[in-house]
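Computed from a predicted model, the values in this text were never measured in an experiment. Position 1 is the first residue of the sequence, and the numbers go up from there.
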Amino acid sequence: MLYNHIRASRAALVAVSTVLLAACGGGGGGGGGSSNTAKSCSEQFNPDAAATTPEQCQPVYNEQCDSLGARSPYNASEPAACTVNGADGGVSAETVTVGGVEYVLLKPASGGKSGLYVGLHWRGGNGPTMSNNMRMPELAKARDLTVAVPTSPNYIFSAIEGVGYLHDWDYSGAPAVIAQVIADAKARNGLGNVPVVLAGVSSGVAAATRFYCEQGSQIDGLLLVASGSISAAESTACLSDASAAASKAASSMAVAVIQGTRDPAYEDAKLNYGHFELINGCDGSKTVALNEQVDIEYSRNCGSGHGTALVSVKDSGHNWPGMDRPIPENPVTDNIPAGSSSGAMSIFGRVSFSFDATLQGYDLVRNLD
């Protein structure tokens, strides 16, 4: 979960992990970059369009695949199928292994040739659960993407070598593992020079940022959801100060940071957003109120040609906005106005449906590229 804050309380994490692990679940608009102007904002999210006609840019869920329905908060062992009215939804899901690392590989019937999306789960999660909760099959189908969702081979607690408890992406070997997955997923689906977006939630943000600092030339965009104080991590020193950040300008890329305002790491996320603005050479930004719960600060006036964005989700906690379903349903915490939030409590706050970190998050990164 919140990787910098949880380290001091591992015992507490073990006690609550089975109840709250799925709090980082996933969720409407479409990819392919800013050049495609034929699609509406609801089909391909665009911050400029949201500034002009926000009512046309609201998230829409489960149009490509049925809702995955109520699930247990425990980790899944298999990726769920994408169905429409109970029938095959046109997305294949398999679990493959490369170099001892398992990952979920999702491919739509359309081929998945438009790009590669790699999603990194939260501390204590796994690939199938992230795939299911964040609606990764719907992303694959809606945007014609190959989607890879690996399970970290690293553990918070290791009983013996190779055996442990609670998978965790926040470790020094993560970039090498991610590179393996990217190469294997490209080879399996015959992908050439297509855009690669690397996304992470919580602990997955730490790994995504490590990869950016070490092997950023392999990817074209970052989607960072529910991050922690990643700028303080030893292997992410390239974000720690102005001079170090400036040295990364040669490998700048589109970056979207999505954070709940009730997350204790919200201020850290704002700092990280500022670091990426500096790296991308951005001069000034705009802020648009997408709806009553979501503000988007973004800049495309960047010397590198790559924009940055900070999505602030009010009254939301440490989670993936637009998660598939509330966990756990609770008559006390669920009694809030319909349409603004699921009502289910996640880490430090509610899970919001007012922004879709899956489809809209992907679209935002591609639009900023």
CE of Met130 to OH of Tyr103: how many Å apart, nearest 0.5 Å?
-> 15.5 Å
Do Ser312 and Asp295 have side-chain N/O donor and acceptor atoms under 3.5 Å apart?
-> no
Could you tell me whether the side chain of Thr151 and the main chain of Gly127 form a donor-acceptor pair under 3.5 Å?
-> yes
Hey, could you give me the NZ/OG distance between Lys314 and Ser316, rounded to the nearest 0.5 Å?
-> 12.5 Å
Min side-chain heavy-atom separation Cys213-Phe211 under 4.5 Å = no
Does the side chain of Leu198 reach to within under 4.5 Å of the side chain of Tyr212, using non-hydrogen atoms?
-> no
Where do Val365 and Phe45 land on the side chain to side chain contact (heavy atoms under 4.5 Å, CB included) test, with the steps shown first?
-> CA-CA 10 Å; Val365 172; Phe45 184 77; over 6 Å; no
Might you point out which heavy atoms bring Ala148 and Val181 nearest each other, and give the distance in Å?
-> CB-CG1, 3.9 Å
Please list, one pair per line, the donor and acceptor atoms closer than 3.5 Å that link side chains of residues 78-88 to other protein atoms, with sequence neighbours excluded.
unit_1, atom_1, unit_2, atom_2, d
Thr83, OG1, Asp66, OD2, 3.4
Asp88, OD1, Gly90, N, 2.9

Do we see a donor-acceptor contact under 3.5 Å between the side chains of Tyr298 and Thr287?
-> no
Given side chains that start at C-beta, do those of Trp169 and Val205 come closer than 4.5 Å, heavy atoms only?
-> no
Are side-chain heavy atoms of Ile182 and Val118 found at a separation under 4.5 Å?
-> yes
Can Leu145 and Leu139 be said to form a side chain to side chain contact (heavy atoms under 4.5 Å, CB included), step by step?
-> CA-CA 7 Å; Leu145 298 174; Leu139 175 66; 3.9 Å; yes
Check: Ser152 side chain, Asp168 main-chain N or O, donor-acceptor pair, under 3.5 Å = yes
State, to 0.1 Å, how close His318 and Ala226 come at their nearest heavy-atom pair, and which atoms those are.
-> CE1-O, 2.9 Å
Do NZ/NE/NH1/NH2 and the carboxylate oxygens of Asp48 and Arg300 come within less than 4.0 Å?
-> yes
Is there side-chain contact between Thr261 and Val313, with at least one heavy-atom pair below 4.5 Å?
-> no
Nearest-0.5 Å distance, CG of residue Leu368 to SG of residue Cys302 = 8.0 Å
Heavy-atom pair with the smallest gap, counting every atom of Gln360 and Pro59 | OE1-CB, 3.5 Å
Just by distance, with hydrogens left out, do Asp144 and Ser114 show a side-chain donor and acceptor under 3.5 Å apart?
-> yes
Donor + acceptor pair across side chains of Thr129, Asn126 (<3.5 Å) | yes
Going through the distances and angles, do Tyr117 and Met136 end up as a side chain to side chain contact (heavy atoms under 4.5 Å, CB included)?
-> CA-CA 9 Å; Tyr117 179 104; Met136 295 289 114; 3.6 Å; yes
Under 3.5 Å, is there a donor-acceptor pair linking the side chains of Asn291 and Gln58?
-> yes
Nearest non-hydrogen partners of Pro47 and Asn367, listed with the distance | CD-OD1, 3.4 Å
Which atom names give the shortest non-hydrogen contact between Pro195 and Arg366, and what distance separates them?
-> CG-NH2, 3.4 Å
Side chains of Trp320 and Thr358: donor-acceptor distance under 3.5 Å anywhere?
-> yes
Where do Leu224 and Ile258 land on the side chain to side chain contact (heavy atoms under 4.5 Å, CB included) test, with the steps shown first?
-> CA-CA 6 Å; Leu224 308 177; Ile258 304 174; over 6 Å; no
Pair Lys270 + Glu267, salt bridge at N-O below 4.0 Å = yes
All ring-ring contact (aromatic ring centres under 6.0 Å, His included) counterparts of His167, not counting sequence neighbours | Tyr155
Quick one: CD on Gln293 to CZ on Phe355, what's the gap to the nearest 0.5 Å?
-> 12.0 Å
Spell out, as yes or no, whether a donor-acceptor pair under 3.5 Å connects the side chain of Glu138 to the backbone of Arg135.
-> no
Does the side chain of Asp220 come within less than 4.5 Å of Val197's, by heavy atoms?
-> no
Contact check, side chains of Gln56 and Ser42, non-hydrogen atoms, under 4.5 Å | no
Heavy-atom donor-acceptor pair, Asn75 side chain to Gly124 backbone, under 3.5 Å | yes
Under 3.5 Å donor-acceptor, Gln259 side chain and Val225 backbone | no
Would you tell me whether His306 and Asn280 have side-chain atoms, one donor and one acceptor, within less than 3.5 Å of each other?
-> no
Lys113 side chain vs Leu191 backbone, donor-acceptor pair below 3.5 Å = no
Within the distance-only criterion (no hydrogens, no angle test), does the side chain of Glu297 pair as donor or acceptor with the backbone N or O of Leu310 below 3.5 angstrom?
-> no
How many angstroms lie between atom OG of Ser227 and atom CG of Asp263, to the nearest 0.5 angstrom?
-> 7.5 Å
Do Asp170 side-chain atoms and Ala207 backbone N/O form a donor-acceptor pair below 3.5 Å?
-> no
Pairwise side-chain contact, Pro137 with Ser131, heavy-atom cut-off 4.5 Å (strictly under) = yes
Kindly say whether Ile279 contributes a backbone atom to a donor-acceptor pair with the side chain of Ser252 at under 3.5 angstrom?
-> no
Point-to-point distance, once rounded to the nearest 0.5 Å, from NZ of Lys107 to CD of Glu94 | 6.0 Å
Tightest non-hydrogen contact, residues Val101 and Pro153, listed as CG2-CG, 4.1 Å
Hey, is the main chain of Gly112 close enough, under 3.5 Å, to the side chain of Thr146 for a donor-acceptor pair?
-> yes
Just jot down the side chain to side chain donor-acceptor pair (under 3.5 Å) partners of Ser299, sequence neighbours excluded, or say none.
-> none
